[in-house]
Amino acid sequence: MEVTKAARAHHYDTLLLVDNDASEGMRRSSATSLADGIVVLDVDAHDDRADLARSISTPTVFIGIPADTTGLVCVDLDFAEAARAAVDALVAAGRRNIGLISHPKITMRRESNFALRFHDSFVAHANALALDAPVAFPVADRAHEAITALLEESPHLDGLVLNTTAEVAASVSAALAENGRSVPSDVSVIAAGVTFSTERMAVPFDTIPLDPQASCTVAVDLLASMVDEGTTPPEVTLLPPTYISRGSVTPSDTTATAQA
């Protein structure tokens, strides 16, 4: 929908191509001049459509960043920076035992690009800061098993980053409560690189959002300039993350004591 709205602003219509073979729609579109340009969504780290985009003449923009961006045009939120910003916000509040609830393992095995980029940046930044920072992968669209795994690995868990699904995030407060932990006093929580709002959850979480309107608008703007003006945009355009505070991150007891 956001791609469609952005395209209309440039006086273009959109055609949605859905095939069991993710590359077939691109091949058909390029071979038959079905479209002036192509926007590629739901990008994997090793995506067959990346090689195809390099071989066809139809201007193409990826919303998402595969592992090899050579010869491509890609737009996305800076997920690596979003992960670092989430960790830094928790560290600034005095949290030192920070866990990550990532996406289900099936998403990670599929090599969904954004989930991998966020995960790898979280791990690297936590290691650089010498933090106790375990990672858990949810099951059954809920957080309970992931919270149990994090607490087993880090019994003094006091910070939590969520780069996961809305259903999992919505059950985090209940899962922590079942383990005698409350948000934000015992565990401060940030949902980062997510498309959903936390405003109506039991405890609204601070958020570093993925804004589909922003990424789609930039992608379509670049594609329109390629089609209309023959421009050659940069291979990668990263959108800077923004932080929305909703009160789920507070100073730890040790930080509050030190400040007093």
Side-chain angles (χ1 to χ4, degrees), residues 43-45 64-69 74-105 107-109 111-138 143 146-147 149-165 168-169 172 176 181 183-184 186-196 198 205-211 214-215 235-246 248-252 254-255 258:
V43 178
D44 296 332
I65 302 176
D68 181 4
T69 62
C74 308
V75 175
D76 209 352
L77 174 70
D78 190 341
F79 280 95
E81 180 57 29
R84 291 188 291 267
V87 171
D88 288 344
L90 291 168
V91 169
R95 310 291 173 162
R96 299 292 302 178
N97 302 284
I98 301 170
L100 168 65
I101 296 183
S102 185
H103 285 265
K105 287 186 177 180
T107 301
M108 307 305 285
R109 285 195 294 267
E111 294 190 307
S112 185
N113 81 96
F114 69 92
L116 288 177
R117 286 156 53 208
F118 192 99
H119 170 277
D120 293 349
S121 179
F122 173 87
V123 171
H125 195 51
N127 288 341
L129 297 176
L131 300 176
D132 179 11
V135 177
F137 304 93
I147 291 294
L150 291 175
L151 290 172
E152 286 177 352
E153 189 169 346
S154 182
H156 301 292
L157 185 79
D158 61 3
L160 184 59
V161 178
L162 308 176
N163 179 244
T164 191
T165 66
V168 171
V172 162
L176 285 169
R181 312 293 176 95
V183 180
D186 296 319
V187 182
S188 286
V189 181
I190 300 173
V194 297
T195 57
F196 55 83
T198 68
F205 300 136
D206 288 18
T207 308
I208 300 175
L210 166 61
D211 181 359
S215 55
E235 287 183 0
V236 177
T237 299
L238 294 175
L239 306 184
T242 58
Y243 191 101
I244 300 173
S245 177
R246 293 198 169 99
S248 69
V249 175
T250 58
S252 66
T254 55
T255 301

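All residue numbers in this chain count up from 1 along the given sequence.
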Work out which heavy atom in [X] is nearest to a heavy atom in [Y]; give both atom names and the distance.
| X | Y | result |
| --- | --- | --- |
| Pro251 | Arg95 | O-NH2, 3.6 Å |
| Gly64 | Cys74 | O-CB, 3.5 Å |
| Ala82 | Ile208 | O-CD1, 3.6 Å |
| Ile190 | Ala86 | CD1-O, 3.5 Å |

Could you give the distance from [atom1] ([X]) to [atom2] ([Y]), rounded to the nearest 0.5 Å?
| X | Y | atom1 | atom2 | result |
| --- | --- | --- | --- | --- |
| Leu90 | Ile98 | CG | CD1 | 4.5 Å |
| Arg96 | Leu129 | CZ | CG | 6.5 Å |
| Arg181 | Leu150 | CZ | CG | 10.5 Å |
| Leu151 | His156 | CG | NE2 | 11.0 Å |
| Glu152 | Leu157 | CD | CG | 12.5 Å |
| Phe137 | Arg109 | CZ | CZ | 10.0 Å |

Given 3.5 Å as the limit, does a donor-acceptor pair link the side chain of [X] with the main chain of [Y], or not?
| X | Y | result |
| --- | --- | --- |
| Asn113 | Val43 | yes |
| Thr164 | Ser102 | yes |
| Asn163 | Ala192 | yes |
| Thr237 | Val75 | no |
| Thr207 | Phe205 | yes |
| Thr69 | Glu235 | no |
| Ser188 | Thr250 | yes |
| Asp158 | Asn97 | yes |

Heavy-atom side-chain proximity of [X] to [Y] below 4.5 angstrom:
| X | Y | result |
| --- | --- | --- |
| Val236 | Asp76 | no |
| Leu100 | Val87 | no |
| Pro184 | Val249 | no |
| Val135 | Phe122 | yes |
| Asp211 | Leu77 | no |
| Asp78 | Pro240 | no |

Worksheet item: Under 6.0 Å between ring centres, would you say that holds for Phe118 and His103?
Response: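 Ring centroids of Phe118 and His103 are no less than 6.0 Å from each other.
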Worksheet item: Any side-chain donor paired with an acceptor under 3.5 Å for Asp132 and Ser154?
Response: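 Indeed, the side chains of Asp132 and Ser154 share at least one donor-acceptor pair under 3.5 Å.
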Practice prompt. Starting from the C-alpha separation in whole Å, work towards a yes-or-no answer on side chain to side chain contact (heavy atoms under 4.5 Å, CB included) for Leu238 and Glu81.
Written response: CA-CA 10 Å; Leu238 294 175; Glu81 180 57 29; over 6 Å; no
